Visitor: 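Attaching a single structure in structure tokens format; questions to follow.
Throughout, protein chains are lettered first and strands after them, A, B, ... in sequence-line order, and every chain is numbered starting at 1. Note that the coordinates shown come from a computational prediction; the quantities given were computed from them, not determined experimentally.
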There are 4 protein chains.
Amino acid sequence: MRMSPASLPRRVLAEFTGTAALVAVIVGSGIRADSLSQDTGVRLLANASASAIGLGLLIALLGPLSGAHFNPVVTLSEWWTRRREREGGREVLAYLAAQVAGAVGGALLAEAMFGRAPGSWSTEPRAALHLLLGEAVATAGLVLVVQGLRHVGRPQLAPVAVAGYIGAAIWFTSSGSFANPAATVGRSLTDSFTGIAPSSVPAYAAAQLLGMLAGMGLAGVLYGTTGPRAEPAGASGRPSG
Amino acid sequence: MRMSPASLPRRVLAEFTGTAALVAVIVGSGIRADSLSQDTGVRLLANASASAIGLGLLIALLGPLSGAHFNPVVTLSEWWTRRREREGGREVLAYLAAQVAGAVGGALLAEAMFGRAPGSWSTEPRAALHLLLGEAVATAGLVLVVQGLRHVGRPQLAPVAVAGYIGAAIWFTSSGSFANPAATVGRSLTDSFTGIAPSSVPAYAAAQLLGMLAGMGLAGVLYGTTGPRAEPAGASGRPSG
Amino acid sequence: MRMSPASLPRRVLAEFTGTAALVAVIVGSGIRADSLSQDTGVRLLANASASAIGLGLLIALLGPLSGAHFNPVVTLSEWWTRRREREGGREVLAYLAAQVAGAVGGALLAEAMFGRAPGSWSTEPRAALHLLLGEAVATAGLVLVVQGLRHVGRPQLAPVAVAGYIGAAIWFTSSGSFANPAATVGRSLTDSFTGIAPSSVPAYAAAQLLGMLAGMGLAGVLYGTTGPRAEPAGASGRPSG
Amino acid sequence: MRMSPASLPRRVLAEFTGTAALVAVIVGSGIRADSLSQDTGVRLLANASASAIGLGLLIALLGPLSGAHFNPVVTLSEWWTRRREREGGREVLAYLAAQVAGAVGGALLAEAMFGRAPGSWSTEPRAALHLLLGEAVATAGLVLVVQGLRHVGRPQLAPVAVAGYIGAAIWFTSSGSFANPAATVGRSLTDSFTGIAPSSVPAYAAAQLLGMLAGMGLAGVLYGTTGPRAEPAGASGRPSG
């Protein structure tokens with residue numbers, strides 16, 4: 001899973017920082033949009049745009065350090081895909097812990113920036129079955145984007161592609177497209193536009209893990225299960241819009 | 001028409017998956033925008049943005065497998081343009097079938113994600129003559145973009161250019177810019193913001209085919225009718241914003 | 001002024017087609033946005049986005065044919081800047097005629113697409129002095145962008161940069177940022193959101209020409225008046241976001 | 001701090017022009033959005049988008065001349081980071097003076113473009129403690145983006161990355177994300193949507209400087225404190241989305 005020469009502590013710090021910043025962006029832009037607009041569609045346009053751009057920047061800036069997962073679904077699916085070169089579960093556990101801790105920290109920072117008392121639980125239930133289907137679809141798509149970019153030899157497009165995916169998925173799924181168990185935990189700690197009631201967190205996380213498996217399966221069928229195909233000479237350096 | 005070393009079944013699967021995902025994005029984001037905003041302009045901003053981004057990602061991810069047509073108009077115009085190297089109509093038929101089946105599947109998936117009973121027909125008539133003119137213009141422009149990118153030696157820009165085109169055409173034409181007979185069939189199966197009554201489907205498809213011919217003619221006049229011009233050395237590798 | 005090996009008739013056709021498409025996009029998206037949204041801010045968001053994307057695509061697709069001016073201000077400023085290699089005024093006149101004819105054709109096409117009787121004059125006066133200041137600023141900025149990209153060795157970014165500029169200038173100036181005498185003439189032929197009363201056209205065109213001169217002067221002062229500086233080896237091929 | 005072979009007067013002129021244009025874009029788009037939309041969310045969407053695009057273009061066009069700081073926070077943090085190669089404080093002072101003068105000029109130009117009497121002070125207080133926290137976070141993030149891009153070997157992405165950052169930060173912080181002491185001074189001279197009361201300027205500037213230090217510290221911890229790491233061969237030329 002090692003994606004850079006950075007040491008494990010530095011990589012874990014990057015995962016913590018990146019996940020904290022991501023959740024602060026999501027929660028903060030949600031609070032601000034909610035306070036400024038009368039129209040929920042406008043609120044979500046602002047929240048989705050800011051969240052997508054923030055995620056893309058964090059991937060560009062921290063990808064060379066830690067791989068810029070910020071998401072247990074990405075860490076687990078990457079670990080499985082690269083399991084032949086794996087270095088043990090210790091790194092996976094460190095990543096997951098940093099992601100959850102970062103998500104909680106980011107939610108608290110956002111609350112503080114808006115003059116709200118940090119530490120309130122969300123009161124927004126998200127439990128209907130069709131929401132869980134939406135969340136599984138959202139996560140499957142995310143995994144397909146991440147793995148597909150590698151299969152087509154364009155991993156360098158991840159900042160733009162993953163950002164665009166999340167910005168679109170917030171709209172085309174019914175669930176808000178959390179697609180990230182760590183961020184889901186963090187977002188239970190804000191009683192605002194982007195929150196999720198703690199009682200709905202386990203179901204969302206389960207749907208995300210099922211979606212992860214579906215995404216890995218779909219990538220395997222589409223691109224072949226033998227892992228990254230040999231790249232034709234020059235393919236990875238192909239400029240691309 | 002072969003655009004990659006992938007086998008025909010794998011290419012057909014890519015067309016099915018891509019068209020399903022595209023229609024799920026269009027229909028899903030339309031349902032969500034409709035439920036969240038009071039303003040039809042805001043609804044269409046969200047729907048157009050999500051649809052454009054989704055299409056761009058699918059072209060980037062599946063283009064290397066199947067050419068990422070997802071649209072009978074693209075398959076037919078590409079087949080005609082490259083007819084000297086064609087391998088027979090069997091592949092065209094397989095692509096068209098996969099596209100229509102995918103579009104239907106995508107519409108049903110979107111309905112399910114939003115807790116609606118899949119399988120209702122749209123009740124939105126789209127039959128006025130000026131809408132058909134708009135739809136022909138939309139499709140002509142799409143064909144011009146696809147063929148023009150090849151003529152100017154920048155086919156690698158297709159994900160961004162085609163996405164941008166559709167996002168803009170949804171606004172500048174009167175018809176909603178379906179520009180895709182398969183997606184038109186799929187969108188007859190949702191009684192929501194992005195639907196089209198089944199009775200309007202044949203006229204829309206006819207307008208799209210006429211627009212395809214107009215776009216091919218315009219590309220021929222603008223760039224010359226001798227097909228793709230010889231690329232100057234290095235042109236296709238030119239980085240470009 | 002020759003920017004491609006295309007023949008003059010083909011280049012003129014490209015200017016006609018591009019300007020027609022540009023004005024159809026501007027006017028069409030304005031009509032549609034006006035009919036869909038209750039909020040003028042939302043209308044302008046949609047209209048500005050569609051116009052910017054359309055312009056960027058047209059520059060990418062037709063730039064290799066004609067230089068993708070679509071605008072007398074660009075044609076005149078390019079002619080002046082490259083006057084040492086000029087081939088006479090005949091080409092300039094052909095470009096200007098094609099641009100004005102295209103702009104009129106594009107406005108009529110947009111009206112027809114929306115089921116409106118083509119040929120009505122706009123009733124929207126735009127004559128206040130501060131609007132003319134806004135229009136001069138908008139045009140100066142456009143010329144600075146076009147000439148600046150060449151000075152910094154990145155003319156290949158024109159599709160994205162010019163599109164972005166127009167999308168922003170529509171918002172930051174008071175005048176709507178026509179910045180194009182041909183498009184201004186075309187837009188006098190639509191009694192809709194993006195129109196301009198014929199009586200205001202001469203003042204707008206004069207402000208645009210003054211803005212052109214200001215932009216050329218500013219570019220000269222900022223980058224030096226000796227024309228395009230020698231590019232360091234490889235600079236023009238530098239990939240860039 | 002020298003980032004180009006341009007002479008100091010030319011660089012100072014670029015800083016003046018760029019900061020003036022930036023503030024004119026911010027203030028002008030704010031006035032226009034305020035006059036067109038009924039919804040503050042829509043107003044901020046338009047204002048944030050135009051401001052981000054304008055900033056990105058100015059960085060692309062003027063970066064090769066002056067480094068495109070337009071912001072004392074950037075000038076000071078760059079000066080500190082590159083202090084071993086510094087050429088004395090004279091250049092820093094010239095940059096800061098040009099930035100403040102440009103910001104004032106840009107605000108006055110925007111007022112004039114909209115037919116308002118230039119020179120009114122803003123009446124919008126921005127003094128609450130949580131706003132200052134938001135402003136410090138916004139500035140820390142800006143410094144992290146600028147310095148991070150260099151550490152990961154992608155400084156050529158600055159136009160897109162810095163523009164995207166500001167566009168998102170306007171939403172995810174509570175303070176409006178001025179993140180720029182010169183622009184803050186300029187924005188005290190407009191009694192409109194994007195203004196700030198003169199009495200709030202010192203606290204905002206102090207928060208920005210604290211945020212700058214936090215951002216420099218965070219960059220040091222994440223990337224290592226030994227300054228720009230040696231770039232692997234070819235890294236800076238890596239194409240990237």
Visitor: So how far is it from B:Leu109 CG to A:Thr173 OG1, rounded to the nearest 0.5 Å?
Guide: 10.5 Å

Visitor: Do A:Leu133 and B:Phe114 have side chains that get closer than 4.5 Å, going by heavy atoms?
Guide: no

Visitor: When you compare the side chain of A:Phe172 with that of B:Asn47, does any pair of heavy atoms fall below 4.5 Å?
Guide: no

Visitor: Should the heavy atoms of other residues, nucleotides or ligands under 6.0 Å from CG of A:Leu129 be counted, would the total exceed 12?
Guide: no

Visitor: For B:Ser49, is it the side chain, the backbone, both, or neither that has a heavy atom closer than 4.5 Å to a heavy atom of chain A?
Guide: neither

Visitor: Please report the closest heavy-atom contact between A:Leu149 and B:Leu61, naming both atoms and the distance.
Guide: N-CD2, 3.6 Å

Visitor: Could you tell me which residues in residues 184-200 of chain A have at least one non-hydrogen atom under 4.5 Å from a non-hydrogen atom of chain B, sorted by residue number?
Guide: none

Visitor: Mind checking which of residues 31-39 of chain B sit less than 4.5 Å from chain A, heavy atom to heavy atom?
Guide: B:Arg32, B:Ala33, B:Leu36, B:Ser37, B:Gln38, B:Asp39

Visitor: I need the minimum non-hydrogen distance between B:Ala14 and A:Leu222, along with the two atoms involved.
Guide: CA-CD2, 3.9 Å

Visitor: Is there a side-chain contact between A:Val137 and B:Met113 (heavy atoms, below 4.5 Å)?
Guide: yes

Visitor: Is chain B contacted by the side chain of A:Leu45, its backbone, both, or neither, given a heavy-atom distance below 4.5 Å?
Guide: side chain

Visitor: Between A:Leu44 and chain B, which part of the residue has a heavy atom less than 4.5 Å away: side chain, backbone, both or neither?
Guide: side chain

Visitor: Is it the side chain or the backbone of B:Leu57 that comes within 4.5 Å of chain A heavy atoms, both, or neither?
Guide: side chain

Visitor: Can you measure from NE2 (A:His151) to CG (B:Leu65) and round to the nearest 0.5 angstrom?
Guide: 10.0 Å

Visitor: Pick from B:Leu58, B:Leu13, B:Val27: which one has the most heavy-atom pairs with chain A under 4.5 Å?
Guide: B:Leu13

Visitor: For chain B, which candidate among A:Ala48, A:Ala161, A:Gly141, A:Gly41 shows the most heavy-atom pairs at distances under 4.5 Å?
Guide: A:Gly41

Visitor: What's the spacing between B:Ser29 OG and A:Ile170 CD1 if we round to 0.5 Å?
Guide: 12.5 Å

Visitor: Say whether, by atom type as modelled, one donor and one acceptor occur between the side chain of A:Arg154 and the main chain of B:Ala60 under 3.5 angstrom.
Guide: no

Visitor: At their closest point, which heavy atom of B:Ala50 faces which heavy atom of A:Ala168, and how far apart are they?
Guide: O-CB, 4.0 Å

